[in-house]
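Below is one structure, written out as structure tokens; comments come after it.
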Amino acid sequence: MIGRFAPSPTGLLHLGNARTALLAWLHARAAGGQFLVRLEDLDAERCKAQYADAQLEDLEYLGLTWDGPVVRQSERLEHYRAALTQLEAKGRVYPCTCSRADIARAAAAPHPGEEGPRYPGTCRTPAGRVAGRPQTRRFLVQEGEWAFVDEVRGPTRQDVFTAVGDFVVARADGLPSYQLAVVVDDAAQGVTHVVRGDDLLDSTPRQLQLFEALALPAPAYAHVPLVLDEDGKRLAKRHGALTVAHFRERGVAAEKLLGVLAQWSGLGDGAPVRAQALVARFSWATVSRTPPRLALSALEALR
Ligand code: GLU
């Protein structure tokens, strides 16, 4: 059993990220497994070393110990290239010259998700490509429903072809997309269980298709609900005062923060607690499935 937490160092971890990390850690430790940390730092423009350092300090502060060295995606480019070459050899990727505007224009109805409209497949045939334009690489998805059983969400299915269409696996500059890099790394690190925020639930069928195309074993998944703020909106990087670093730097005992995270997860009553003490309490049957809603008053009391 190998679990992992894979933050992108594009900002400080907020309490919602910390809760996801805690659950991933508890899942691994309760099973007597390993817990790995991977920094998903491929986007050089948005990722900053100072955020990566702070994120690791946050995990240490919370007592979420990890096994082996921290893996950085920016140091693994050759592995993503090799996977891309393999997909190319199997005829599963093709060059695409469509701009975002082209895709938006071609789409009959805008996709309700955050990722924009479904790709209509313009460049599946060479006739669709425009000479002289930068070329991304798209994965030729299989049609039909892809199903998996999520530990938290239960049976989940999606037809990637109709919902998303062929998706980008490499940018025009050769940098792999999140979808490709995460699959290559989860397989290379032997990850057996992925615990992550349910904003990524939609990505899983795409990743399962990539695992299959690359003949790699896919992990099991648990997508946990994201923490909501007092207005019912997902916690985001705009909540500066709700970062782990905010509390850590003010000398708040980690046990107090863990008490709140545990309570959000149905694993405690809010009393201060050490991460290690939560291991024996953890089971997916106990973890509440509704998105926790934070109460600022409870957090104020920690300071
Ligand atoms: N790096 C991704 C994020 O921070 C998470 C990737 C994953 O857990 O699969 O949103």
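Ligands are counted one by one from 1 in listed order, and the atoms in each one are counted from 1 as well. This chain uses plain numbering: 1 for the first residue, then up along the sequence. Computation of the quantities below employed the complete heavy-atom set of this structure, encompassing side-chain atoms and omitting hydrogens, waters and symmetry-equivalent molecules. None of the values given here were measured: they were computed from a predicted structure.
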* Please walk me through it: do Thr204 and His223 pass side chain to side chain donor-acceptor pair (under 3.5 Å)? -> CA-CA 10 Å; Thr204 304; His223 288 87; 3.1 Å; yes
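Residue contact check: Ser8 has heavy atoms under 4.0 Å from atoms 1 (N), 2 (C), 3 (C), 4 (O) of ligand 1. Interface of Arg196 with ligand 1, defined as ligand atoms under 4.0 Å from a residue heavy atom, comprises 7 (C), 8 (O), 9 (O). Here is the list of ligand 1 atoms found below 4.0 Å of a heavy atom in Val182: 9 (O). Atoms of ligand 1 lying under 4.0 Å from at least one heavy atom of Tyr178, given by number and element, are 6 (C), 7 (C), 9 (O).
By the 6.0 Å and 45° rule, Arg206 does not stack over the aromatic ring of Phe139.
A distance-only check finds a donor-acceptor pair linking the side chain of Gln55 to the backbone of Gly11 [under 3.5 Å].
The pair Arg76-Asp41 fails the salt-bridge criterion, with no side-chain N (NZ, NE, NH1 or NH2) lying under 4.0 Å from an Asp/Glu carboxylate O.
Considering backbone and side-chain N/O atoms, Pro7 never comes within less than 3.5 Å of an N/O atom of ligand 1.
Nearest protein neighbour of atom 6 (C) of ligand 1, counting heavy atoms only, is Glu40 OE1, 3.2 Å. For atom 10 (O) of ligand 1, the closest non-hydrogen atom on the protein side is Leu200 CD1, 4.1 Å. From the protein, the heavy atom lying nearest to atom 5 (C) of ligand 1 is Ala6 O, 3.3 Å.
Counting heavy atoms closer than 4.0 Å to ligand 1, residue Arg4 contributes side-chain atoms (C-beta onward) but none from N, CA, C or O.
With hydrogens and angles left out, the side-chain atoms of Glu249 and Tyr61 include no donor and acceptor closer than 3.5 Å. Side chains of Arg281 and Thr286: a donor-acceptor N/O pair is absent below 3.5 angstrom, by distance only.
With sequence neighbours left out, the side-chain hydrogen bond (donor to acceptor under 3.5 Å, both in side chains) criterion links Glu151 to no other residue.
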